[in-house]
Amino acid sequence: MAIKRLGDWRKLPVSLTELCIDTTLRCGQSFRWRKINDEWTCALRGRLLSLKQDSTHLHYKVTWPEVPPAPEADDTEELLHHYFSLSLDLGSLYEQWSQVDPNFRKRAPTFSGVRILSQDAWEALVSFICSSNNNISRISQMVHKLCRHYGPLIAYVGDEAIHDLPGPGDLVGPEVEAHLRELGFGYRAKYIAQTARIVAKEKPNSWLESLRNPQSPSFASEKLPESQHKTYREAHDELLALAGVGPKVADCVCLMGLGWGESVPVDTHVWQIAQRDYKMGKTKSKTFNKAMYDAVGDHFRELWGPYAGWAHSVLFTADLREFAEAGIKKEGSVKEVKVKEEIIEEVTGPRRKRKTVETTIESQVKLEDAKVETDLEIRRTSKRRQTRASSRTNKGG
DNA sequence: ATTAAGCCTTGGCA
DNA sequence: ATGCCAAGGCTTA
């Protein structure tokens with residue numbers, strides 16, 4: 001299939017504190033963006049998008065497939081504006097969160113420009129069904145397999161075929177579950193096949209969209225009549241009825257796919273953050289049940305306000321192992337590695353024993369300067385930092 | 001109503 | 001080498 005209409009680079013003015021794509025595109029929100037030749041690339045709404053960023057602008061390039069014909073008016077700028085919610089002033093949100101929350105104030109400077117992506121609701125639903133008991137690397141592999149085997153071909157980047165995400169209707173065949181199992185989806189194969197069938201066949205066409213926050217319209221928006229408007233809680237409850245969708249996955253779909261900014265997905269990381277930095281769950285039953293799930297979300301909503309989910313993702317990102325290593329140089333001498341361990345201890349808090357490593361002035365400087373590098377070579381330099389308690393919800397193996 | 005075990009797979013680590 | 005644990009949980013008993 002020939003691909004035509006290679007566009008030119010265009011740009012939008014946006015600062016790195018308002019949007020940092022190196023962080024936002026790989027912090028576990030969307031699993032389809034890939035960095036190829038120093039450009040972030042993803043098929044989105046029928047076109048191939050490539051992104052680069054400097055301190056003042058987001059640069060973008062669009063490639064349309066030959067079929068179907070590209071639309072007359074290219075709406076890519078509007079798409080990006082919507083996808084990144086660029087009309088939202090992230091700087092003042094960070095200020096507000098910092099004023100009410102010392103912990104946020106401490107962590108946020110290293111992780112500026114982290115935004116919630118306005119993803120397609122179906123993409124969020126499928127992606128986060130895959131996310132259960134799983135890690136970002138494998139989730140990404142699974143979502144890419146889903147695209148490669150069931151989604152439309154959009155373009156080639158070098159030898160690599162880039163497919164868009166399949167719709168629910170593309171996943172209703174009788175062999176889908178077995179095939180997904182062969183592809184390594186494990187027990188999630190059934191959930192995806194069932195959910196696709198329900199969304200495509202049992203629910204009305206606009207069901208997913210009807211769960212959207214009316215104040216956060218979708219990109220391809222036919223506005224829903226007011227009588228069909230749902231609340232965040234109603235949207236969350238309806239999603240819970242789907243197979244493979246529990247409270248956490250439902251919140252991910254609400255936050256990233258349906259525009260509910262107050263939604264706070266509480267996963268094992270966020271639960272650890274809540275315990276470590278907000279002293280939650282220290283008394284009473286230590287078990288992490290539904291009541292505790294709701295309590296954590298409610299606490300953060302009270303603290304951070306209507307965009308609590310956005311604030312949550314900043315701290316979540318700061319806690320990801322990959323990002324805890326932010327700001328470290330690639331060259332990995334032994335000394336560098338040790339410095340890195342020191343920084344990780346710094347970022348993840350005082351609860352664990354500190355390594356017996358001297359703090360260097362150098363490391364302090366680096367920590368402050370820690371803007372995320374994309375190609376960190378050194379991985380897993382520190383030993384397992386997970387505590388026993390955190391494995392509660394995780395009986396796998 | 002609440003709790004614990006089982007689930008697919010990959011990769012790091014002892 | 002072999003086994004165990006952890007990875008952005010959900011379902012079932």
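Residue numbers start from 1 in every chain, and the chains themselves are labelled A, B, ... in the order their sequence lines are given, proteins ahead of strands.
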So what does A:I129 hit on the nucleic acid, given a heavy-atom distance under 4.0 Å: a base, only sugar-phosphate, or nothing?
-> nothing
Looking for any heavy atom pair under 4.0 Å, which part of the strands does A:R181 touch: base, sugar-phosphate only, or nothing?
-> sugar-phosphate
What about A:Y191, does its side chain sit under 3.5 Å from the base of C:dG9 through a donor-acceptor pair?
-> no
With both distances under 3.5 angstrom, what nucleotide forms a Watson-Crick or G-U wobble pair with B:dC8?
-> none
For the rings on A:H82 and A:F219, is their centre-to-centre separation under 6.0 Å?
-> yes
For A:P247, which contact category applies under a 4.0 Å heavy-atom criterion: base, sugar-phosphate, or nothing?
-> sugar-phosphate
Flag the pair A:R105 and A:D101 as a salt bridge only when some basic side-chain nitrogen lies within less than 4.0 angstrom of an acidic carboxylate oxygen.
-> no
Look at all strands and tell whether A:V266 reaches a base, only sugar-phosphate, or nothing, counting heavy atoms closer than 4.0 Å.
-> nothing
When A:F316 and A:L242 are each assigned the nearest nucleotide of DNA chain C, the 5'-most assignment goes to A:F316
Nearest to the side chain of A:N289 - B:dT10, B:dT3, B:dC8?
-> B:dT3
Would you indicate what A:A189 reaches in the nucleic acid, counting non-hydrogen atoms under 4.0 angstrom: base, sugar-phosphate, or nothing?
-> nothing
In whole Å, what is the span from the NZ atom of A:K190 to the P atom of B:dT9?
-> 14 Å
Carboxylate-amine/guanidinium proximity below 4.0 Å for A:D277 and A:K106 = no
Mutual orientation of the aromatic rings belonging to A:Y232 and A:W260 [parallel < 30°, tilted 30-60°, perpendicular > 60°] | tilted
Give A:C130 one of three labels, base, sugar-phosphate or nothing, depending on what nucleic acid heavy atoms sit under 4.0 Å from its own.
-> nothing
Using a heavy-atom cut-off of under 4.0 Å over every strand shown, decide if A:V270 touches base, sugar-phosphate, or nothing.
-> nothing
Answer with base, sugar-phosphate or nothing: what part of the nucleic acid does A:E182 contact at a heavy-atom distance below 4.0 Å?
-> nothing
Are A:R233 and A:D298 within salt-bridge range, i.e. N to O under 4.0 Å?
-> yes
Spacing of the P atoms in C:dC4 and B:dG6 (rounded, Å) = 14 Å
Taking for each residue the nucleotide of DNA chain B with the nearest heavy atom, is it A:Q141 or A:S132 whose nucleotide lies nearer the 5' end?
-> A:S132
Any donor-acceptor pair under 3.5 Å joining the side chain of A:R138 to the base of B:dT10?
-> no
Could you check A:G244 against A:Q29 and say which one's nearest nucleotide on DNA chain C is further toward the 5' end?
-> A:Q29
Between B:dT3 and C:dA7 - C1' atom distance, rounded Å | 23 Å
Base, sugar-phosphate, or nothing: which does A:L240 touch, judged by heavy atoms less than 4.0 Å apart?
-> nothing
